[in-house]
Amino acid sequence: MTLFVEQLLNGLQLGVMLFLMAAGLTLIFGIMGVINLAHGSIYMVGAYVGCYVFLQTGSFLTGFAAAIAGAAVTGILIEFVVIRRLYQRDHLDQVLATFALILLFNQGVTMVFGLQPLFVAMPSFLSGSVELFGGLIYPVYRLAIIAVGLLVALGLYLLINHTRIGMLVRAGSTNREMVRALGVRVGLLYTLVFGLGALLAGLAGFMAGPILAVQVGMGEQILITTFVVVVIGGVGSIRGAFVASLLVGVVDTLLRSYLPGLLRQVMVGPEADALGAGISSMGIYLIMAIVLLIRPKGLFPAHG
Amino acid sequence: MKLKTFCAAVALSAVAAAPAFAQDSVKIGFITTLSGPAGYLGQDILDGFKLAMKDGSLGGVPVELMVEDDGLKPANGRQTADRLLYDEDVKLFTGIVFSNVAGATVPDILDADAIYISPNAAPSNFAGEGCNENYFVVAWQNDSLHESAGQNASNLGYKTAFVLAPNYQAGKDAITGFKRFFDGEIVGEVYTQLGQTDFAAEMAQIRDANPDVVFQFEPGGMGIAFMRQYQQAGLLGNIPMVVAEPSMDGVILNALGDAALGINVSSHWNSDFDNDANKAFVEAWKETYDRPITYYASQGYDTANLIASALEATDGDVEDVSALREALAKADFASVRGDFKFGPNQHPIQNWYALKVVEGDDGKPALKTVGTVFEDHGDAYSDQCQM
């Protein structure tokens, strides 16, 4: 039972990380209609900037601030220099241009930091593990990630549903042309949304730093899963991204930990383990396929 | 360090862009993984290889090193090999880090009657029935890495083990190899995804299974993430770990710091080996590169010296493939591991050693050789090899 709860927590933690990425991606796609493959690169930039500053200053909070600032600035620059020229082009051009950005960022980071991963220690106030209940020991840092992720989700909810900017964002993701026709400065709105998305990606990257290795190409690993989340949740919907992130996080974790064991009940050991590992890595894509079959626009489609 | 890396990158691209050397220089196709999380593996093999080159030559024969990045993608490796084989007429290849890339690339090279010398990957399918007279391995056969870990775990008296490896050929070879020589019970067997970096679910399973020892094979960036999370989950210090060297190379060790103290490693090479070739190698590495030395680098170095010995014997004639092959098979070079020879399937026969992570002279954790696990150990597949 404690094992199951622990795996649920692991799934939740993976889910909120995915949510931080997916929230930005889904907004950018929903509002601007841009497929931004470089979102993973912003995640990497956030991780590198934050961890570098953290290593130099020794202060986790300074690193934290640097990560989100660095990522937001990078995002705004990308929007200003590249993406802005792509709004009117078709998706293939956007994919091509943002894919080029991935290559540029990866090579740039390699030139500055080298290929060897960057390491950050866990901040002392978040290191160690706590006993939650009945023998369930869980790392404090992962609990902190869950807390930050849920706080961000709450903040986004308030921002989107109870502020003027949020109203424009909602309007923009439902009917872009109408917002423009009503005289809203969409250019500024686009830049803001892109910056916000980048900021969240940078936050995710920085928080991943002490757990994973900060390395070139780290963004692409999470990007594909993030796209799955966006598609399941419904493009442009923050609520959909939230539900889908948690769904994907929990399902992926539970499949990985329980499927081989279940298969071992019906077949021989090593084959069960290998097959289970294979199927569980397909799991989230199967969910995506099923969701697309039943609800082609995702769970919570933003467009009418 | 950053500046140096940058300069190295610039220098590297300059080398790649330089026009062909003299007419008689030998082309060596160096296909390796230089980008992505595992990029440091290829970089170390390449830099180790270059350390053994003197003024752009090996064994007195000028060589042109054609470095290509496979990006850990089998298709890239294969395409590059085909291009080098047919456009550049390259006869001698080396460099591949990962077994899945080797699996796709090496057959094309061998079919074209060129020679491939593996500095790292050695999947089981090329060691047994699929062995080839043009295929040499300097590093090991994949299984033997893990056989030594299994034997090491048995020697240390552990009764139950939890084993993890990525779900690809080398991962499966790892688990098979470990089980072949571990005489205790396997209480958990998990295949992770290749490239996975979050192991929270696996940590929970390990804690639940509570084995005597954990054996894991997670090379490169995966291993770093794994070890850090093992520590963060509070398992390090509670459940001992036995690994083969890919899970505890110099970079991972550096990254883990004191957290790595006490981990048991089995290896065919360590920087503290007391032989002249190794001392010269370690010295040269420290002088040239400002980063930890890894066994990947040692394999690159040995590979280069093996090629040097063969080129010297054949006066740089790579057109006569059978003469080159014979010269290579003699393994007439001073390996940094000490004794080295090829078995019947042209994979190494060598000693395996038990290492332990201890506090080094400079206060940092270091790998110390504490004993021998196997002597003159070949591999389990050489019997099936008919050449």
Side-chain angles (χ1 to χ4, degrees), chain A residues 2-7 9-11 13-14 17 103 106-107 110-119 121-122 127-129 136-142 208 210-213 215-218 220-222 252-258 260-261 264 269-270 272-278 280-281, chain B residues 1-2 4-6 8-10 34-44 71-72 163 166-167 171-172 175-176 179 186 188-205 207-208 220-225 228-229 231-234 251-252 254-257 291-292:
Chain A
T2 41
L3 179 64
F4 186 71
V5 176
E6 184 174 355
Q7 298 292 28
L9 278 175
N10 287 333
Q13 182 254 317
L14 178 62
M17 287 293 274
L103 300 179
N106 281 349
Q107 202 53 40
T110 308
M111 282 161 84
V112 178
F113 291 96
L115 281 171
Q116 302 210 355
L118 202 64
F119 298 103
M122 196 131 295
S127 57
S129 306
L136 174 58
I137 300 160
Y138 204 71
V140 181
Y141 191 79
R142 285 182 190 264
I211 300 185
L212 318 176
Q215 57 196 353
V216 175
M218 63 188 287
E220 282 77 81
Q221 291 169 347
I222 195 169
D252 186 49
T253 307
L254 291 185
L255 277 180
R256 257 164 52 201
S257 42
Y258 288 107
R264 226 174 285 134
D273 291 316
L275 186 68
S280 54
S281 53
Chain B
M1 148 131 193
K2 272 174 294 164
K4 266 195 189 165
T5 325
F6 181 68
V10 171
L34 293 170
S35 56
Y40 78 86
L41 312 189
Q43 192 66 52
D44 279 5
L72 221 179
V163 296
N167 195 9
K172 289 172 189 160
I175 303 250
T176 318
K179 286 200 228 164
I186 304 288
E189 181 171 335
V190 169
Y191 290 95
T192 56
Q193 282 179 46
L194 190 59
Q196 182 173 333
T197 47
D198 193 343
F199 296 97
E202 286 76 14
M203 295 305 156
Q205 286 171 277
R207 187 181 298 120
D208 191 56
M222 293 182 281
I224 298 169
R228 286 155 66 85
Q229 290 165 32
Q231 179 196 9
Q232 287 159 12
V251 171
I252 300 180
N254 213 35
L256 289 172
R291 60 174 201 264

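By convention in this document, chain letters (A, B, ...) are assigned in the order of the sequence lines, proteins followed by strands, and residues within each chain are numbered from 1. Everything quoted here is computed from the prediction, not taken from an experiment.
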Starting at [atom1] of [X], measure out to [atom2] of [Y] and round the result to the nearest 0.5 Å.
X      : Y      : atom1 : atom2 : result
B:Q43  : A:T110 : CD    : OG1   : 10.0 Å
A:E6   : B:D208 : CD    : CG    : 8.5 Å
B:D198 : A:Q221 : CG    : CD    : 11.0 Å
B:Q205 : A:Q7   : CD    : CD    : 6.0 Å

For chain B, the option from A:T253, A:I211, A:V140 that forms the most heavy-atom pairs under 4.5 Å: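 It is A:I211.
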
Contact check, side chains of B:R228 and A:L212, non-hydrogen atoms, under 4.5 Å: no

For B:Q196, is it the side chain, the backbone, both or neither that has a heavy atom under 4.5 Å from a heavy atom of chain A?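 Contact with chain A involves the side chain of B:Q196 alone.
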
Could you look at B:N254 and say if it's the side chain, the backbone, both or neither that has a heavy atom under 4.5 Å from chain A? neither

For A:E220, is it the side chain, the backbone, both, or neither that has a heavy atom closer than 4.5 Å to a heavy atom of chain B?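 Neither the backbone nor the side chain of A:E220 comes within 4.5 Å of chain B.
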
Return the minimal non-hydrogen interatomic distance between A:S257 and B:A201, and the atom names on each side.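 Here A:S257 and B:A201 meet closest at CB-CB, 4.3 Å.
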
For B:Q232 and A:P210, indicate whether the former's side chain and the latter's backbone hold a donor-acceptor pair under 3.5 Å. yes

Could you tell me whether a side-chain N or O of A:N10 sits under 3.5 Å from a main-chain N or O of B:A200, the two making a donor and an acceptor? yes

